[in-house]
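Below is one structure; the comments refer to it alone.
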Protein chains: 2
Amino acid sequence: MEEFNLLIKNIEKHLSLNETEKEELRQFFTFKKLRKRQYFLQEGDISHYSAFVINGCMRSYYVDVNGFEHILQFAIEDWWITDMMSFTKKTEAKLNIDALEDTEMLLITREQQLKLFEKIPKLEKYFRIITENGLISYQNRLLESMSLHAPERYANFIKRYPALNKRLPQTQIAAYLGITPVFLSKIRNINNQ
Amino acid sequence: MEEFNLLIKNIEKHLSLNETEKEELRQFFTFKKLRKRQYFLQEGDISHYSAFVINGCMRSYYVDVNGFEHILQFAIEDWWITDMMSFTKKTEAKLNIDALEDTEMLLITREQQLKLFEKIPKLEKYFRIITENGLISYQNRLLESMSLHAPERYANFIKRYPALNKRLPQTQIAAYLGITPVFLSKIRNINNQ
DNA sequence: GCCATTAGTTAAACTAGATTAAGGTTCTGA
DNA sequence: TCAGAACCTTAATCTAGTTTAACTAATGGC
């Protein structure tokens, strides 16, 4: 199937697979489509799956006591997304994950993932690297949120994800930057003068 | 050597090792002591090592353009610390790491780590799990920094690390919470009334 | 195709937390 | 042992970003 090629390409950035391995790999994943606005995971549920996005766009976010959404991650094509805490420890998810656009993805359960590591041990390396990279990007995000003002954080966001800046509504970008849409509107306007 | 026992215990929380493996493991690590205030890593250098703390306390922090320090992580006994970006990609570190107390630790280089994975493949699992947990805690910290006010973040800090709250000077805790020492003083006083 | 919801703009009033400053205490190293 | 450094407190002033509100533009579900 066409969908697997993106995943295989992604894995092959880090290690090489022979044809048998590629064939085996497929058995461990299921394919799923989500409509725009559809939930992939809701707060309080257990995140049985980790998702690799083929196309479209997802987000993971936390809803605070006042009902405000705080976006931790966007995932477009070629990215992984899950609630890592819930996925690895089978605890109730604190995060929600839903689709911002119609989205296609490949899913794997934690159980299947662990079996996969036994069947094709080098995939443990792949997921270690993916996780290292995820850790790095959260660390970076935390660092920026502590040391930069909103206009600088927005400037970095544009530089890092120019496509997302055009593709996503301003409310979502504001919820990612940790500011209100009102203030993002102000920042954008100051930038345009 | 006595020092290795803590590391082995830590590994054995996640998988079991036989005596031969324990013996092999030792070859990959070096032992190091740091005096209080001594650097383990300076911004701009390459983080050749990842450190497992045996006793004492370290911190990783970022110094912003105005010279203010923002602490990303404290590491006391039984914790790992490094600049993951620099360690895995051999890029110039953005972070500084130094000792807040006299500290003893075990070090491993990235090259040795990768060799270790070949020699004892199940240790790749160990480091995958350690990295998953690191990712979870950064994710959690980001989430709190976005959705909670300083007094609530401080309350969580006390709950999570009661020992550190007593052990560390207020300046360091403030730099971890992302507030000024002046404001932390205020929070503490309001709490005591 | 229309009405209701969602998204964006602008501006005024407000607040969490920063900054500055001054005074007091506790560490530390030569 | 003592001088400078690091640490802590309190209070006044300031500011980045929020809140509220009133208006306009774009979407989408029936």
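The basis for the numbers below is simple: all heavy atoms, side chains too, and nothing from hydrogens, waters or symmetry mates. Each chain gets a letter, A, B and so on, in the order the sequences are listed, and its residues count up from 1.
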Query raised in the report: Do R188(A) and Y154(A) meet the criterion of a side-chain donor-acceptor pair at a distance under 3.5 Å?
Result: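 Result is yes, a qualifying pair exists.
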Calculate the interatomic distance between [X] atom [atom1] and [N] atom [atom2]; express it in whole Å.
{"X": "Q170(B)", "N": "dT26(C)", "atom1": "CD", "atom2": "P", "answer": "14 Å"}
{"X": "N66(B)", "N": "dT19(C)", "atom1": "CG", "atom2": "P", "answer": "8 Å"}
{"X": "F183(A)", "N": "dA16(D)", "atom1": "CZ", "atom2": "C1'", "answer": "6 Å"}
{"X": "I173(B)", "N": "dA6(D)", "atom1": "CD1", "atom2": "C1'", "answer": "15 Å"}
{"X": "I187(B)", "N": "dG17(C)", "atom1": "CD1", "atom2": "C1'", "answer": "9 Å"}
{"X": "D102(B)", "N": "dT28(C)", "atom1": "CG", "atom2": "C1'", "answer": "13 Å"}
{"X": "H149(A)", "N": "dT19(C)", "atom1": "NE2", "atom2": "P", "answer": "7 Å"}
{"X": "R188(B)", "N": "dC8(D)", "atom1": "CZ", "atom2": "C1'", "answer": "10 Å"}

Query raised in the report: Using 30° and 60° as the class limits, which term best fits the ring planes of F40(A) and Y49(A): parallel, tilted or perpendicular?
Result: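 Tilted.
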Query raised in the report: Relative to each other, are the rings of F157(A) and Y176(A) parallel, tilted or perpendicular (30° and 60° limits)?
Result: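 Answer is tilted, since the angle falls between 30° and 60°.
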Query raised in the report: Is NZ or CZ of R59(B) both nearer than 6.0 Å to the six-membered ring centre of F74(B) and within 45° of the ring axis?
Result: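 Verdict for F74(B): no cation-pi partner in R59(B).
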Requested in this report: Report yes or no: is the cationic atom of R141(A) (NZ for Lys, CZ for Arg) under 6.0 Å from the centre of the six-membered ring of Y138(A), at an angle within 45° of the ring normal?
Outcome: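 Judged by the rule, R141(A) and Y138(A) form no cation-pi pair.
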N/O-N/O pairs, protein side and nucleotides 25-30 of chain D side, under 3.5 Å:
none

Query - Nearest-nucleotide 5' precedence on DNA chain C, V182(A) against F68(B) - result: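 Its nearest nucleotide being more 5', the pick is V182(A).
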Query raised in the report: Given that L168(A) and L148(B) both sit by DNA chain C, which one's nearest nucleotide is further toward the 5' end?
Result: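 With L168(A) and L148(B) compared, the 5'-side residue is L168(A).
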Query raised in the report: Can you name the closest pair of heavy atoms from L15(A) and K122(A) and give their distance?
Result: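 Shortest heavy-atom contact: CD2-O, 3.1 Å.
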Report task. Using a heavy-atom cut-off of under 4.0 Å over every strand shown, decide if T180(B) touches base, sugar-phosphate, or nothing. Result ->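 Since a base atom lies under 4.0 Å of T180(B), the category is base.
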Query raised in the report: Does S185(B) make a side-chain N or O approach to OP1 or OP2 of dC8(D) shorter than 4.0 Å?
Result: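 Indeed not, no polar side-chain atom of S185(B) lies that close.
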Query raised in the report: Backbone N or O of W80(A) within a donor-acceptor pair of the Q73(A) side chain at under 3.5 Å?
Result: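 Checked: pair present.
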